[in-house]
Amino acid sequence: MAVLKLIATSVRRQKPLYILWIFSLAAAVSGLLVVDVFRHSLTGTLTSQGRKILTADASLSARRMLSDDEVDALKKQMPGAETARLTEMFAMVSAQNESRLTLMRFISDEYPLAGDLTLQGEAAPVHGRDLGEKPTAWAAGDLFSLLDLKPGASVKIGNQEFKLERALDKDSSQTFRMGNMAPRIYVHRKYMTATGLVQYGSTLTDNFFAATARPPETLKADLEKSFKDPGLQITVPADLEQGSLRLLSRLLDYLGLTGLVTLSLGWIGVYYLGRRWLALEAKSSGVLKCLGLSSKELQNLLLLKLAAILSCGVLLGGAIAWLLAHGLLPFVRDSLPAGFQLIWSWKNTALLLIVGPMAGLILLRSAIHDLAFEKPLDLFQERTQSAKVNILGVAVLLASVAALFMLLTFMQARSWLVTGTFIGALSASVVVVAAIAFGFIRVIAKVRRPGWGWQAHLFSAQWVRRAGTSLLLITVSALAGLLSQLLPHLEKTLVGELNSPAGVERPALFMVDIQDEQLAPLKDFLSEKGLEVAKDAPFVRARIISVNDQEFERGQAAGAMSTREEENDARFRNRGVNLSYRKELSDSESIVEGKEWKDLTVDPPEIAVEAAYAKRLNLKMNDSLLFDVQGIEIRAKIAAIRKINWESFNPNFFIQFPDGVLNDAPKTWIMAVKKHPSFTPPQMQTLITKKFPNVTSINVSEALDSATQLIGQLSSGMKMASRLSLGLGIFVFLMILLFQLISARRDWRQLLVLGLTARQVWLLQVLNYGLLCLFGTLIGAVLSTAVAWGLFKFAFSTPVTFDFKGMAQVWLITWVAAIGGLAWLGWRETRSVRGGLSSESFRD
Amino acid sequence: MTLSMQGLAKSFKQGDTQLKILEDLELNLQDGEIVAVIGESGSGKSTLLSLLAGFETPDKGSMSWNGDVTREWDEKRWSEFRKRSLGFVFQNYHLIPYLTAVENVGLPLRLTGVAGEEANAAGEKLLRQLGLAQRADHLPNQMSGGESQRVAIARALVHKPSLVLADEPTGSLDARTGQTVLDLLFTLLTELKQTALIVTHSAEVAARCHRVLTLRQGKLWPS
């Protein structure tokens with residue numbers, strides 16, 4: 001009780017310090033915590049809603065029709081389980097004179113086994129059996145408005161007419177409310193054949209669902225043992241985070257990393273204020289020691305005090321994060337799964353304790369120990385913040401902070417590659433910034449001359465002789481600047497990737513599922529209408545049986561603790577293989593290793609594999625791959641690794657055979673059609689669908705606009721996080737400045753006593769710190785350009801598009817905000833010092 | 001130089017009470033005079049110095065400097081006055097911590113527009129006189145209390161001010177060091193025929209001054 005009273009008394013006496021300290025910690029943790037709250041709420045939503053989203057307890061799916069044997073085998077695994085079937089594909093729907101791309105869902109009587117599928121104006125859920133005996137369809141409300149239809153209207157899907165009965169109201173299997181280019185449409189499976197959409201090689205996903213009481217984890221393990229084909233996906237509700245929410249998870253990863261940068265800036269503030277606190281505690285500690293408190297007891301008292309303050313900080317941070325998350329929810333709800341609810345997880349509490357009290361103790365423990373074990377009389381000596389530097393202590397501190405930061409980064413990104421790159425980039429940035437700042441200070445020390453005017457004389461002396469503070473201020477402003485100024489480059493490059501590069505013409509349509517026998521008539525038809533084919537390519541479905549005679553097994557990510565790389569590798573391994581063949585490389589491909597294939601006499605035939613695909617599947621030159629192409633085994637050898645320019649809008653494949661090997665294999669075709677001045681893409685779609693109803697055509701501009709919209713949403717999230725980080729960076733910068741101003745009060749007062757006016761002192765402060773901030777943000781600008789270049793070159797293998805105008809705007813905002821804050825703080829402080837001239841000058 | 005204070009009064013509000021610190025105070029200082037002001041704690045010595053330096057404005061009465069009435073002065077004029085005409089010696093030295101000894105001493109000259117080299121030369125000369133030539137390039141935290149106070153004295157005198165205001169100049173020093181510093185201060189003040197007002201508790205300091213005034217009940221009384 002006495003201890004708490006002591007703590008309360010000192011808090012009362014140093015209110016501004018404690019308030020800022022608590023607030024800086026709260027601000028530092030809240031950014032990261034908001035992201036963490038969303039992340040765990042998302043996982044929580046998927047855990048509670050997973051069964052509804054999947055519509056069952058387990059599903060077996062493939063990018064082909066499941067065979068009867070596979071379905072029977074599955075049924076045997078779950079005797080007595082309820083089952084349902086869904087075949088899903090993109091297809092064109094025509095009404096009167098218009099056609100639209102839709103997501104076609106052929107469902108069985110029992111679908112959905114779980115979750116809600118309801119129609120407008122009807123509360124009771126519907127199932128496949130409710131579609132009735134006649135060809136009836138249910139469609140998303142969007143389709144009605146897109147095709148200007150009313151309930152009861154007639155639409156043509158493939159070769160079959162359907163009555164569009166009602167609009168869908170709730171569909172719990174649809175995870176997101178927006179971003180759907182193709183509205184959903186449900187029809188009964190019994191009409192699948194009649195539509196003529198499902199033909200050999202059609203691009204579809206066939207799903208078999210089961211509702212069973214068996215625990216999902218063991219069920220999944222058993223099913224994976226039974227179904228070895230990597231092309232067969234076994235999904236349980238817990239897998240959904242890796243699937244449909246991948247993009248959102250990546251965004252949260254990015255935001256988490258931004259939050260970490262914010263946190264690191266906040267920690268600098270917490271450390272700095274902590275050292276200031278210890279400097280203020282020194283005298284009272286000396287008194288307590290003189291009164292008989294042992295060093296150990298004093299250390300415990302200080303640690304308790306620190307823990308109390310940090311706890312207040314994290315509690316406030318937690319509350320701010322919680323309120324912020326609720327405040328943000330209405331703006332981001334459309335990007336979140338249906339039924340999303342914010343929840344506070346124990347993992348949030350754990351993170352809060354790690355980034356708050358634990359980090360604070362790691363940062364300040366050594367300094368507290370040094371103070372507690374100092375001789376009592378030394379504690380009464382006048383001290384500055386950088387009084388003693390314990391090299392071993394600093395090394396242990398840096399190592400501990402680095403380890404903690406690495407752990408937090410991995411928790412956010414769940415990727416060793418990202419963790420390594422992020423920590424490496426951040427450490428390198430800090431080292432580069434510190435080295436440049438140190439060099440700058442050394443240069444100032446060298447060029448400083450007595451002949452300089454008194455203003456330059458004073459602030460250059462301060463920069464040089466308070467090098468630690470100067471380094472810190474430059475580093476903080478450079479890091480805040482780096483992060484905020486990186487964003488314009490990232491955004492411009494990401495959006496730029498979706499636009500046609502110079503010299504590349506974006507096609508009007510991209511068509512898939514063209515049957516072999518339809519190729520010639522389709523080309524004739526297009527030519528007759530004056531439409532020109534940009535490119536076409538054969539498309540052969542296959543699966544890899546073995547690599548170098550080793551069975552090609554299903555990729556597995558190791559559950560909740562799996563890394564992003566493991567998830568990606570598993571996804572790539574399990575996605576099935578589409579093969580194609582060409583006489584020669586297209587102009588969008590280039591060989592990076594090996595040679596171009598020409599010689600068809602080589603046995604086994606030589607193939608070229610895309611570089612990133614080869615890396616993910618660990619495929620190397622001369623590896624021997626055995627494919628199953630519709631029951632026929634074909635062996636091939638990797639003779640070339642090639643790079644593809646995906647921005648070329650050409651049809652491209654991961655695995656390319658030479659012409660002559662697969663020509664007789666069952667195949668479909670994909671085709672790109674050029675733009676035409678007389679036809680809009682929807683008009684082209686309608687024309688083609690009328691003649692070739694099974695061919696799916698995608699309006700490229702619409703698809704890219706939809707992707708641009710998505711990128712826009714993602715970049716809004718990124719912007720928001722960066723702005724928060726920038727704001728906190730400026731806040732930390734200003735807080736360090738404020739305490740710098742406060743701790744240098746005596747110096748400012750002296751300058752007033754010696755005859756400077758308050759205005760001159762204020763200008764001196766603004767010049768002194770403003771120039772350091774200017775220098776820091778300029779380093780940040782240069783580094784952001786370098787980091788953006790490195791990031792895209794090495795991590796994304798794509799050239800960066802710099803946005804120097806955007807960068808300059810952000811730089812200006814950063815600098816003006818920092819200088820504005822500095823000017824206000826400086827003026828406030830100068831007035832306070834001016835007001836206290838009488839009482840402070842002649843008193844102590 | 002003549003300084004005159006006529007009927008000066010100053011009070012402060014503490015809670016609901018108005019504390020009268022100085023009341024109807026009279027003071028006249030002549031050129032070259034060294035005056036000690038003694039008094040009990042809380043008698044208003046610091047307030048007197050603050051009024052002299054322009055840190056506070058009197059409630060009543062007038063102060064004139066060489067016949068110029070200070071009531072008309074704005075902040076800029078007071079700053080100019082402090083810069084050129086006053087020198088300060090504080091109990092706790094108050095040196096600028098990031099300037100070396102010679103830079104600290106030269107600072108008042110630099111602030112009046114003297115070139116840096118010239119200011120440093122004047123500072124070095126004065127430091128030599130005070131036996132601190134070896135410490136010229138040291139920072140305040142590398143010097144002892146006695147050395148710091150000697151640097152502060154040099155800084156107070158380097159620009160040849162009209163008046164030196166000293167507040168307990170040996171208050172933070174041990175007896176021996178205090179004695180040495182005092183000797184140096186009085187030697188310089190006498191050599192330079194410097195007018196000074198020294199606030200002190202020390203009878204020994206007071207005894208070395210030309211005139212001793214006691215501050216009591218808000219007024220200055222000759223001792």
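Labels below follow one simple rule: chain letters A, B, ... track the order of the sequence lines, proteins then strands, and each chain is numbered from 1.
If you take CG on A:Leu754 and NE2 on B:His159, they are separated by 7.5 Å, rounding to the nearest 0.5 Å. Annotation: the span from A:Thr757 atom OG1 to B:Arg82 atom CZ amounts to 9.5 Å, rounded to 0.5 Å. Taken to the nearest 0.5 Å, the CG atom of B:Leu111 stands 7.0 Å off from the CG atom of A:Leu458. Here the NZ atom belonging to B:Lys83 is positioned 11.5 Å from the CG atom belonging to A:Leu752, to the nearest 0.5 angstrom. Rounded to the nearest 0.5 Å, atoms CD (A:Gln750) and CZ (B:Phe90) are 4.5 Å apart.
Residues of residues 434-451 of chain A having a heavy atom under 4.5 Å from any heavy atom of chain B, listed by number: A:Arg448, A:Pro450, A:Gly451. Residues from residues 114-128 of chain B that place a non-hydrogen atom less than 4.5 Å from a non-hydrogen atom of chain A comprise B:Gly116, B:Glu117, B:Asn120, given in numerical order.
In this structure, B:Pro97 and A:Arg746 have side chains that are not in contact, with every pair of non-hydrogen atoms separated by 4.5 Å or more. With contacts defined as side-chain heavy-atom distances shorter than 4.5 Å, the pair A:Leu751/B:Leu107 qualifies. By the 4.5 Å heavy-atom criterion applied to side chains, B:Glu103 and A:His457 are counted as neighbours. Using a 4.5 Å cut-off on side-chain heavy atoms (C-beta onward), A:Arg465 and B:Thr100 make contact. The shortest distance between side-chain heavy atoms of B:Tyr98 and A:Val464 does not fall below 4.5 Å.
Neither the backbone nor the side chain of B:Thr112 comes within less than 4.5 Å of any heavy atom of chain A. For B:Leu51, no part lies near chain A; criterion is any non-hydrogen pair under 4.5 Å. Of the two parts of B:Arg84, neither the backbone nor the side chain holds a non-hydrogen atom closer than 4.5 Å to a non-hydrogen atom of chain A.
The 12-atom threshold is exceeded at CZ of B:Arg77, counting heavy atoms of other residues, nucleotides or ligands nearer than 6.0 Å. Heavy atoms of other residues, nucleotides or ligands lying less than 6.0 angstrom from CD of B:Glu40 number 12 at most. Residue-environment remark: CZ (B:Arg176) stays at or below the threshold of 12 foreign heavy atoms within 6.0 Å.
Most heavy-atom pairs under 4.5 Å with chain A: of the set B:Lys45, B:Lys76, B:Arg110, this distinction falls to B:Arg110.
When all heavy atoms are compared, the tightest approach of A:Gly755 to B:Ser79 is O-CB, 3.2 Å.
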